[in-house]
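Take a look at the structure set out below.
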Protein chains: 2
Amino acid sequence: MRSEDIAKLAGVSRSTVSRVINNYPNVPEATRQKVLEVIQQHQYEPNAFARALAGKGTDTIGLFAISMSEQEHASRIYQNSYFAPIVDLVVDTANAQGFYVLIHTIYSPDDFHKVKQAFSQKRIDGGILVGIQNDINLVSEMVQQDAPLVLIDYNISEIMSEHLDKNHLAIINSKDYEGTVEAMEYLIGLGHQDIGIICGRMDTFSGRERHMAYKDTMQKHELPIQDKFVLEGNFLKETAYSSVEQLIAGGELPTALFCANDAMAIAAIEALNASGLQVPTDVSIVGFDDATLASHINPKLTTVRLPIAEMAKAAVDKVISLCQDESTSFSTMSFPTKLIIRESCSQLHDC
Amino acid sequence: MRSEDIAKLAGVSRSTVSRVINNYPNVPEATRQKVLEVIQQHQYEPNAFARALAGKGTDTIGLFAISMSEQEHASRIYQNSYFAPIVDLVVDTANAQGFYVLIHTIYSPDDFHKVKQAFSQKRIDGGILVGIQNDINLVSEMVQQDAPLVLIDYNISEIMSEHLDKNHLAIINSKDYEGTVEAMEYLIGLGHQDIGIICGRMDTFSGRERHMAYKDTMQKHELPIQDKFVLEGNFLKETAYSSVEQLIAGGELPTALFCANDAMAIAAIEALNASGLQVPTDVSIVGFDDATLASHINPKLTTVRLPIAEMAKAAVDKVISLCQDESTSFSTMSFPTKLIIRESCSQLHDC
DNA sequence: CTGAAAGCGCTTACAG
DNA sequence: CTGAAAGCGCTTACAG
């Protein structure tokens, strides 16, 4: 069933059918009704691709989850307490506004080709990128296509200094620096001085922010940062577990450990437990994200809650409005985090 | 940049450009190379929609997560330990084979329109439906469009009796009946006789299978099924929590409770704990799914592991092969579950 | 208000 | 082996 068939049945031309489908004003109510009726009757749906070819939008946005540094292939994203909810919320929000969402996961620089392709093949009206490593070239390449783009978690000043801020572009961040400071102040308020950190991926905006806030807060309180207590990490359980094992093997432990996400915090607890150490008795732990697991493990994790729902919704609203606007625009939003105090930290008595 | 531009640059016709893009045999190596070179040089990507319009596939499959009975809107799917991994695995598997995936969540019969639309607008080559309630009319409507379709978790005999088995259709199930029997036998082997159940959604194939296997196993061992110990449920935490509260309020408790999924098992444990009851000391609990949470809560949950990864992969492989096959075919696959024994069940001593 | 026609960017018989 | 042409199913100036 094509628009031509509808036209015949309704005794009008394809042009008119198209006019009613697209809700143009210049068609008399009677004609409109007749056409609508025939459409209803035959459950006609205009071919989406033909519409797109003829200049209409695709009514679909792309969502690209980028996690380049991870190793095995199966079940990575959903186990990731950061990506999974974003995917979910983005889909929900977009669907509610009548948009489909095209998803693709990027595991290697090669895969990245796919996101450019989705744009250049005109499969989507706009796209959301999450988990992008700080690589301004990549971003600038994307932005060149001048398709509406929103980046979740990206360094705004890089955008500015590259003058990329005059495109259909938006950045959605969370206030990770402030969130980390709050967590650190809490730990310090509890009497901790030997505070370690398990870092996140340093090629990530949030990873760097959390690390910097850790350092700054320690310095502000004139607390020494001991190299052996700053553990590298990549937001993944496995590596966090082994670095904590090594830390333990080293003999000396911090009294508290700030972990750049919950997955690593949980790994830390497990590694500590495996060596007969208790949380928070022996060492206090704070995480970041407030993943589902955080409130279910034992001890319940004290963590910084990421406003993922707000961010995902804002991202969708933003792409959609960028798709609709002709004029280029650049905007940024930053959502506050919240410290959720549970059971994984304790007061230090001997200070 | 259109194929015509490439043609000009390469000194050939659009036809030839198309031939090399589509890897047709009848073009001399020299010509092919020249065209390929120009394509490379200009990073040309054929417009996906134009290709689709002209008869090629869209290289995208649809994934529709249906969860009609749930209430609030935000963050439902990802919190759902069943949907989230499926989404993830499907995306990964499809991506790896060069397919995009279009996702849509269905929360109401109205939304269902969207999945039909995706097909009738020819946005996708084929689709995967997960969480579909047993509604043969819906399925038959979909199947009429004769687009390749795979259903995860659906009653095969319904398909057969409606003669829907001569379409591009496949069903992917898990062996929930056998899995439940295994769990029940384990409980009975531990000496339990008063075994209750929290049911899943009964409009779901797996929900019904798990319930039936519970009943059958009880009967086989001539154990009485007490009405007050069979609790209705819908796979969600909230309702499970309150029915367990009611059960507790009733005064009499089973010694073991089989829960049709982990979310409800965890809710049961929480409800029990809230009343000062201990698992497994006071009541043994077994779940179903082996969600991430299962191994992290306290006590670690004994549960039946669902082969979600296998199912998701099989579903993708199946749609893709259905998309490629001209001939209609109907097939079914059923993957075994596995009982994972952890800490939430104990031997009953007084029997 | 409305139809005929051109155009969107491809693919694929068809003819040579 | 290869080009001209028709066709996929829409939309949108253009003319009336």
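These numbers come from a predicted model, not from an experiment. Just so it is clear: chains get the letters A, B, ... in the order the sequence lines come, proteins before strands, and each one is counted from 1.
For A:R19, taking side-chain heavy atoms from C-beta onward, the closest of the listed nucleotides D:dA13, D:dT11, C:dC14 is D:dA13. Checked against C:dG9, D:dG3, D:dC10, the side chain of B:N47 finds its nearest nucleotide in C:dG9. With C:dG9, D:dT11, C:dT2 as the choices, the nucleotide that has an atom nearest any side-chain atom of A:T31 turns out to be C:dT2. Taking only side-chain atoms of B:L53, from C-beta outward, the nucleotide of D:dC10, D:dG9, C:dC10 with the closest atom is D:dG9. Side-chain proximity of B:A54 to D:dG7, D:dT2, D:dC10: nearest is D:dG7. Distances from the side chain of B:T16 to the nucleotides C:dG3, D:dG3, D:dT12 place D:dG3 closest.
Looking at A:K8 and A:D5, no side-chain N of the basic residue comes within less than 4.0 Å of a carboxylate O on the acidic one, giving no salt bridge.
As judged by a 4.0 angstrom heavy-atom cut-off over every strand, A:N26 is placed among the base-contacting residues. Within 4.0 Å (heavy atoms only), B:S3 reaches sugar-phosphate atoms of the nucleic acid but no base atom.
Taking side-chain N and O atoms only, B:K56 has a distance below 4.0 Å to OP1 or OP2 of C:dT12.
Pairing of C:dA4, defined by two Watson-Crick or G-U wobble distances under 3.5 Å, is not identified with any nucleotide. Summarising the base pairing, C:dA13 is matched to no nucleotide, lacking a Watson-Crick or G-U wobble pair whose two defining distances lie under 3.5 Å.
A donor-acceptor contact under 3.5 Å is formed by the side chain of B:S15 with the base of D:dA4.
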